[in-house]
Amino acid sequence: MLEYLLYKIFISPIAKIGKNIVEKIRDMAENELYGEDKIKEELVKLQMMLEMDEITEEQYNEAEGILMKRLEESAKRKEGGE
């Protein structure tokens, strides 16, 4: 009983804070990878790089394909409520 009370008083709040921090980091990482605004921004940058001859058409197509897949995944996550 004493161990349970000590856990509730000392350990439980720390565990909750740790869980909240981990969830916040996960959300930030998911937003970085699947955030629609972020992906669209990357697509614009990619287009600019192509227009300025910083990348080839082949490099553009490859990178665009990856970004479009991420955009599709983002839409699926939104629909699924994830």
Side-chain angles (χ1 to χ4, degrees):
M1 181 70 173
L2 179 62
E3 290 174 0
Y4 177 76
L5 288 175
L6 290 173
Y7 172 81
K8 281 294 199 182
I9 293 170
F10 296 109
I11 305 299
S12 183
I14 294 171
K16 286 180 184 177
I17 291 170
K19 181 182 175 193
N20 288 341
I21 291 171
V22 169
E23 287 174 352
K24 183 77 129 180
I25 292 170
R26 182 203 63 215
D27 292 345
M28 290 171 63
E30 285 183 357
N31 187 48
E32 186 72 20
L33 188 59
Y34 296 110
E36 284 185 27
D37 292 338
K38 180 71 174 169
I39 296 169
K40 289 176 182 178
E41 181 181 309
E42 289 181 39
L43 283 166
V44 169
K45 286 180 184 178
L46 191 63
Q47 181 67 37
M48 289 174 54
M49 291 173 69
L50 178 65
E51 290 173 4
M52 297 176 72
D53 293 327
E54 293 179 8
I55 58 173
T56 65
E57 187 82 28
E58 183 179 312
Q59 291 170 320
Y60 172 84
N61 290 334
E62 183 178 333
E64 181 189 37
I66 292 168
L67 291 171
M68 293 307 290
K69 285 180 185 175
R70 284 177 40 200
L71 198 56
E72 289 172 12
E73 181 65 26
S74 175
K76 286 179 188 176
R77 287 171 174 265
K78 251 187 185 175
E79 288 175 7
E82 294 182 17

Worksheet item: Taking a hydrophobic cluster as the set of Ile, Leu, Val, Met, Phe, Trp and Tyr residues connected by side-chain heavy atoms closer than 4.5 Å, whether directly or through intermediates, do Ile14 and Val22 fall within one such cluster?
Response: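 No, Ile14 and Val22 fall in different hydrophobic clusters.
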Practice prompt. Could you state whether Ile55 and Met68 fall into the same hydrophobic cluster, counting links through intermediate Ile, Leu, Val, Met, Phe, Trp or Tyr residues with side-chain heavy atoms under 4.5 angstrom apart?
Written response: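 Same cluster.
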Student check: side-chain heavy atoms of [X] and [Y] closer than 4.5 Å:
X: Glu41; Y: Val44; value: no
X: Lys16; Y: Ser12; value: yes
X: Leu50; Y: Gln59; value: no

Item to complete: Would you indicate whether Glu51, at its atom CD, is surrounded by more than 12 heavy atoms from other residues, nucleotides or ligands within a distance under 6.0 Å?
Response: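 Atom CD in Glu51 is crowded, with more than 12 foreign heavy atoms closer than 6.0 Å.
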Discussion item. Counting neighbours of CD on Glu62 that are heavy atoms of other residues, nucleotides or ligands and sit closer than 6.0 Å, is the number greater than 12?
Written reply: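 12 or below, so no.
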Item to complete: With rounding to the nearest 0.5 Å, note down the distance linking CD in Glu30 to CD in Glu23.
Response: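 If I round to the nearest 0.5 Å, the distance is 11.0 Å.
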Worksheet entry | Reported CG-to-NZ distance for the pair Leu5 and Lys8, which is rounded to 0.5 angstrom |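 Between atom CG of Leu5 and atom NZ of Lys8 there are 10.0 Å.
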Practice prompt. State, to 0.1 Å, how close Glu64 and Leu46 come at their nearest heavy-atom pair, and which atoms those are.
Written response: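 Minimum heavy-atom separation between Glu64 and Leu46: N-CD2, 3.5 Å.
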Worksheet item: What heavy-atom pair brings Ile39 and Leu67 nearest, and what distance separates the two atoms?
Response: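 Minimum heavy-atom separation between Ile39 and Leu67: CG2-O, 3.5 Å.
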Worksheet entry | Note: Glu73-Lys69 ion pair, threshold 4.0 Å (strictly below) |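 No, Glu73 and Lys69 are not salt-bridged.
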Worksheet item: Is there a donor-acceptor pair closer than 3.5 Å between any side-chain N or O of Asn31 and the backbone N or O of Asp27?
Response: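 Absent.
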